[in-house]
Amino acid sequence: MLAKPAPLAPQRTKAWPDTDLRVDALVTEVIGRVADKWTMLILEALAEHEHLRFTQVGKLVPGISQKMLTQTLRQMERDGLVTRTVLPVIPPHVEYRLTDLGESLGAAFCGVWLWAEANLERIEAARGAFDAR
């Protein structure tokens, strides 16, 4: 039997006002998942293509091992972010594509890249000032 993974952050026993504890837990999980660079890089690769085979995803995500690619794609499939299709050819080909849910997650976090682009110089200046102390 596989061990249940530890929560990414301490679980709160009380929701924010007017929120459901299940939603609170899901937000914590989603933030943890997208903070994992592999998920976001795979989302980006799949967003740029209609569908990709497993090896193509691996080539578009530099530095990812086959094991991490497999684990991340399985988790993304479990979460409903991607669909996995086994094509009936020999040898079998497996294709992945974003679901509507995966596309909407990518769009939601696109704002992070826009924010980073808009604030790059300010952040670099702040880091430089801090490191100079």
Find out whether [X] and [Y] are in side-chain contact, i.e. whether some heavy atom of one side chain is under 4.5 Å from a heavy atom of the other.
{"X": "R53", "Y": "V57", "result": "no"}
{"X": "E124", "Y": "L120", "result": "yes"}
{"X": "V82", "Y": "R97", "result": "no"}

Nearest-0.5 Å distance, [atom1] of residue [X] to [atom2] of residue [Y]:
{"X": "T39", "Y": "E44", "atom1": "OG1", "atom2": "CD", "answer": "13.0 Å"}
{"X": "Q66", "Y": "T55", "atom1": "CD", "atom2": "OG1", "answer": "9.5 Å"}
{"X": "T99", "Y": "M76", "atom1": "OG1", "atom2": "CE", "answer": "8.5 Å"}
{"X": "T72", "Y": "K37", "atom1": "OG1", "atom2": "NZ", "answer": "11.0 Å"}
{"X": "R127", "Y": "R122", "atom1": "CZ", "atom2": "CZ", "answer": "13.5 Å"}
{"X": "L81", "Y": "D100", "atom1": "CG", "atom2": "CG", "answer": "11.5 Å"}

> Closest approach of V61 and A45, non-hydrogen atoms and distance?
Replying inline: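 The pair with the smallest heavy-atom distance is CG2-CB, 4.4 Å.
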> Do H93 side-chain atoms and V89 backbone N/O form a donor-acceptor pair below 3.5 Å?
Replying inline: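 Looks like no, no N/O pair under 3.5 Å.
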> So E77 and L73, side-chain contact (heavy atoms from CB on, under 4.5 Å) or not? Walk me through it.
Replying inline: CA-CA 6 Å; E77 184 181 8; L73 283 168; over 6 Å; no
For residues [X] and [Y]: do they belong to one hydrophobic cluster (side chain heavy atoms under 4.5 Å, members Ile, Leu, Val, Met, Phe, Trp, Tyr)?
{"X": "V94", "Y": "I64", "value": "yes"}
{"X": "L101", "Y": "W38", "value": "yes"}
{"X": "L98", "Y": "V86", "value": "yes"}
{"X": "I123", "Y": "L114", "value": "no"}

>> Consider side-chain contact (heavy atoms from CB on, under 4.5 Å). Of Q56, R84, H51, which one does Y96 pass it with?
In response: R84
